[in-house]
Amino acid sequence: MSDLDTSTSYPLHIHHHDPNAKYDPPQHLIDNAHVKSFDQYQQLYQLSVKDPEAFWSKLAEQFHWESKPTGQFLNYNFDIRKGPIYIKWLEGAKTNISYNMLDRHVKNELGNKVAFYWEGNDPGDNGKITYNELLVQVSKFANVLKKLGVNKGDRVAIYMPMIVELVICMLACARIGAVHSIVFAGFSAESLSDRILDANCCALVTADGVWRGSKLLNLKSIVDRALEICKDKGKPVDTCVVVRHLTPFENSNGVYTEDSPDECPVAKRPCTKLKISWSPERDFWWSDLMHDASEYCDPEWMDAEDPLFMLYTSGSTGKPKGVLHTVGGYMLYAVATCKYVFDLQPDDIYWCTADVGWITGHTYVCYGPLGNAVTGIIFEGTPFYPDAGRFWAVIEKYKVTKFYTAPTAIRSLMKFDDSFVTKHDRSSLKILGTVGEPINPEAWLWYHKIVGNENCAIVDTFWQTETGGHVITPLPAATKTKPGSATFPFFGIVPALLTDDGKEIVGPGEGYLVFKQPWPGIMRTVFNNHERFEITYFKKFPGYYTTGDGAKRDEEGYLWITGRIDDMVNVSGHLLSTAEVESALIEHEAVSEAASVSHPHHIKGECIYCFVTLKEGETFSDDLVKELTAAVRLKIGPFAQPDYIQNAPALPKTRSGKIMRRILRKIAVNDRDIGDTSTLADESVIDLLFKLRPKDA
Ligand code: WTA
């Protein structure tokens, strides 16, 4: 199947590893687990797909609903041939997610429980917040937002580091029915402004700056530039709230400068010399606004189908899509997946290392753990600072029981001596999760043996921004795992593998991964562009939700995700579209045309390999490569930086002018077995491109 070319997956595939070797759930998990056996999983699963109302209404009982659904429990159309796509769960029911994350637990006498430990970039810089305290802070900031004129349904952009105020801000939005739109604080000013403009945000919440490892980021200056762009485009943002994270002291102008004091007795850490500029009519310090805000804010009772948040994800056209999730279904699904996949228990210390700027942070740092009333960790730092043992030091410090990270982090940490891991006590660990990209068996086995001491369940969770929560995943006390396989569907998910012409593959085989019916956490639309939602996910195979990933089913029914089959690149678990990178390259004055493809990378999983055609009279040089690399960093963000840029005097095209990326992917990996080239307009470019490959590629 030509389109299912999976040559970029499994860069570290170990050939001597038996793909059918299975790992039993650890015995110590089973007695107390929510799902204790594969039989029990199968029974629950059957109910969940045959009678979704019976299954999900039972799970919905734990939440507070101000009123019951007025219509059907589930109402949907998944088939574009029959009319517009829509998905509605519990329509008419009223609730508030912040009430369910906070007030509900406080009423159940869990108010003194720690909601989050905060671990700063520097070991020793830390804090904690209880459910009681979090409720007060969320209420106060909700009142602040109201005072600033933010109303139900308004969009609030959030561009923040991993600090507790980030979660406070999300929940405060949810409390008053405002829609949060978080932008990962590694995106450039231009990417940030694109997202603010697309969502038409009325306010932006940020922080002065943040240390990531030994690198200082002046977030406020990036925000200033982004808001400048918004203003230039005729859509100014009137309100910007800034958390004082690094600059607790100010000079007489209210702004931190190089003359400010060195020591911060409040935070007990050195102050950072960070220059902040200030627009008094637009900018407000968070602490000033919070100072006299009232400590209680009534929750706004929202319809289950009202929007909760939007989060941008790369689209294959290059323009990011605002994936929209709604209150009721997302809440049910986030809380249920977190509970079952991490088998959450009241005494758990749960740590998901993802940044809240990505969907994994939304669901498994914020809403999932809070909904289950466990104690979570918000980690500001990086896995390598002050050394490559940081993750394991934090696990030891807080006695973490459930840990969730990305294959790219595992691969980069396994390069270091195992003693970085083993010198820390990890005996508290019970479940280890991974997410974001296919995990190669070698990394899986290292995670299992070295980190988990062969005593933990590994859950390789497949899902997407669009799915809201896990969709293909083992259950830790029920599923025998195979390294590299995400195994079986979660409750409510009916996967199928399709051939190119849309036929379902029965039994073992490989095809397009699709889902046949909705689950509560599925996205409802692309913000302001329902047509794009329908075209992207429901058009290619009518009647199914199309993931954009390929998958294999083995003889025993296990599912193995093979990676994206569209023009997306998954760099360290961050999805980027090749078109996005190309448009950044084409903006350079020397470039006439560009094409980028995914290339395997031993740490990042995939990286970006670019082909650029220069304008007449321009010459290809190392300096130009540097400039182009910088252009991509500036336009999208540092994580999007290409690893390889090669000179391409011409690109392989079909007679109708379509670039043949399949061939470029082969050239990128120096694979001469390029298959059928009969549709190429000019075959001679291929030899030339092989000759011009960069020496280090
Ligand atoms: C990939 C992240 C293999 C996949 C939660 C998907 C995975 C994309 C896995 C979504 C996994 C995520 N195994 N591939 N366990 N998890 N992916 O929207 O290609 O940032 O479509 O959501 O990541 O990325 P997103």
Side-chain angles (χ1 to χ4, degrees), residues 22-48 55-56 58-63 100-101 104-105 108-110 112-117 131 332-352 363-365 367-377 395-405 425-435 447-449 451-461 469-470 472-482 486-492:
K22 285 206 281 286
Y23 291 77
D24 289 327
Q27 199 58 42
H28 62 82
L29 279 179
I30 295 174
D31 288 347
N32 212 15
H34 298 300
V35 180
K36 298 179 171 60
S37 67
F38 200 68
D39 275 352
Q40 195 189 349
Y41 156 72
Q42 282 179 311
Q43 278 170 21
L44 284 165
Y45 176 75
Q46 287 306 326
L47 174 68
S48 75
F55 182 85
W56 293 106
K58 183 108 190 51
L59 282 169
E61 280 168 17
Q62 64 182 298
F63 298 111
N100 278 294
M101 305 282 116
R104 183 168 63 99
H105 303 321
N108 288 334
E109 301 190 345
L110 293 168
N112 291 325
K113 189 167 178 174
V114 173
F116 289 110
Y117 289 109
Y131 277 90
L332 261 182
Y333 204 67
V335 175
T337 49
C338 202
K339 168 179 169 178
Y340 287 109
V341 174
F342 296 105
D343 192 44
L344 292 183
Q345 304 290 339
D347 55 354
D348 270 328
I349 306 291
Y350 168 86
W351 182 21
C352 166
T363 307
Y364 300 108
V365 175
Y367 292 111
L370 288 177
N372 283 287
V374 296
T375 297
I377 292 179
I395 287 171
E396 176 172 17
K397 178 169 172 185
Y398 297 100
K399 302 201 166 43
V400 171
T401 54
K402 315 282 163 77
F403 178 67
Y404 193 27
T405 196
D425 180 8
R426 295 146 359 267
S427 58
S428 55
L429 287 172
K430 292 178 180 156
I431 295 173
L432 301 172
T434 78
V435 59
Y447 203 29
H448 176 63
K449 290 191 175 138
V451 178
N453 213 5
E454 302 190 28
N455 196 33
C456 296
I458 308 274
V459 286
D460 171 1
T461 62
H470 308 138
I472 310 275
T473 175
L475 294 186
T479 314
K480 293 184 185 200
T481 49
K482 295 185 186 184
T487 75
F488 298 101
F490 187 73
F491 303 131

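Applying the salt bridge (Lys or Arg N to Asp or Glu O under 4.0 Å) test to pairs two or more places apart or on separate chains, those with a residue in residues 343-352 are Asp348-Lys402.
Side-chain atoms of Val335 and Met101, non-hydrogen and from C-beta on, do get closer than 4.5 Å to each other. Annotation: side chain of Glu396 is not in contact with side chain of Arg426 (no heavy-atom distance under 4.5 Å). Annotation: side chain of Asp460 is not in contact with side chain of Thr487 (no heavy-atom distance under 4.5 Å).
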Using side-chain contact (heavy atoms from CB on, under 4.5 Å), reason through Phe491 and Leu475 one step at a time and then give a plain yes or no.
CA-CA 10 Å; Phe491 303 131; Leu475 294 186; 3.8 Å; yes
Please walk me through it: do Phe116 and Leu370 pass side-chain contact (heavy atoms from CB on, under 4.5 Å)?
CA-CA 9 Å; Phe116 289 110; Leu370 288 177; 3.7 Å; yes
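One N or O on the side chain of Lys36 and one on the backbone of Ala33 form a donor-acceptor pair closer than 3.5 Å. A side-chain donor-acceptor contact under 3.5 Å links Thr461 to the backbone of Thr434. Within the 3.5 Å criterion, the main-chain N or O of Asn455 finds a donor-acceptor partner in the side chain of His28. Judged purely by atom type and a 3.5 angstrom limit, Gln62 uses its side chain to pair as donor or acceptor with the backbone of Leu59. Put simply, the side chain of Asp425 gets close to the backbone of Ser427: a donor and an acceptor are under 3.5 Å apart. Remark: side-chain polar atoms of Thr401 are not paired, donor with acceptor, to backbone N or O of Ser428 under 3.5 angstrom.
Shown here is Lys22, whose NZ atom has more than 12 heavy atoms of other residues, nucleotides or ligands within 6.0 Å. Other residues, nucleotides and ligands contribute more than 12 heavy atoms inside 6.0 Å of the CD atom of Glu454.
Contact detail for Pro26 and Cys456: the closest heavy-atom pair is CG-C, 3.7 Å. Among all heavy-atom pairs drawn from Pro369 and Tyr364, the shortest one is CG-O, 3.4 Å. Nearest heavy atom pair, residue Val459 against residue Ile431, reads CG2-CG2, 3.9 Å. The nearest pair of heavy atoms linking Pro25 to Pro476 is CB-O, 3.2 Å. Shown here for Ala477 and Val35, the closest heavy-atom pair between the two residues is CB-O, 3.5 Å. When every heavy atom of Asn32 is checked against every heavy atom of Gln345, the shortest pair comes out as O-NE2, 3.1 Å.
Of the N and O atoms on the side chains of Thr363 and Tyr333, not one donor lies less than 3.5 Å from an acceptor on the other residue. Between the side chains of Tyr447 and Thr405, no donor-acceptor pair is found at a separation under 3.5 Å. His470 and Tyr340 are not linked by any side-chain donor-acceptor pair at a separation below 3.5 angstrom, with hydrogens and angles left out of the test.
Checked against ring pair (Phe, Tyr, Trp, His ring centres under 6.0 Å), Tyr131 has the following partners two or more places apart in sequence or in another chain: His105. In this view, Tyr350 satisfies the side-chain hydrogen bond (donor to acceptor under 3.5 Å, both in side chains) rule with no residue, not counting sequence neighbours. When the side-chain contact (heavy atoms from CB on, under 4.5 Å) test is applied to Asn112, the partners found at least two apart in sequence or on another chain are Asn132. For the side-chain hydrogen bond (donor to acceptor under 3.5 Å, both in side chains) test, no residue two or more places apart in sequence or in another chain qualifies with Asn372. Scanning for salt bridge (Lys or Arg N to Asp or Glu O under 4.0 Å) contacts around Lys113 gives an empty result, with sequence neighbours left out.
For the atom pair CZ (Phe490) and OG1 (Thr473), the distance works out to 8.0 Å, reported to the nearest 0.5 Å. Of the inter-residue distances, the one linking Gln43 atom CD with Phe38 atom CZ reads 12.0 Å to the nearest 0.5 angstrom. We find the OG1-OH distance between Thr479 and Tyr41 to be 6.5 Å, quoted to the nearest 0.5 Å. Here the straight-line distance linking atom CG of Leu344 with atom OG1 of Thr375 works out to 11.0 Å at 0.5 Å rounding.
If you look at Phe488 and Tyr45, their ring centroids are not closer than 6.0 Å.
Across Tyr398, Phe342, Trp351, a single residue satisfies ring pair (Phe, Tyr, Trp, His ring centres under 6.0 Å) together with Phe403, and that is Trp351.
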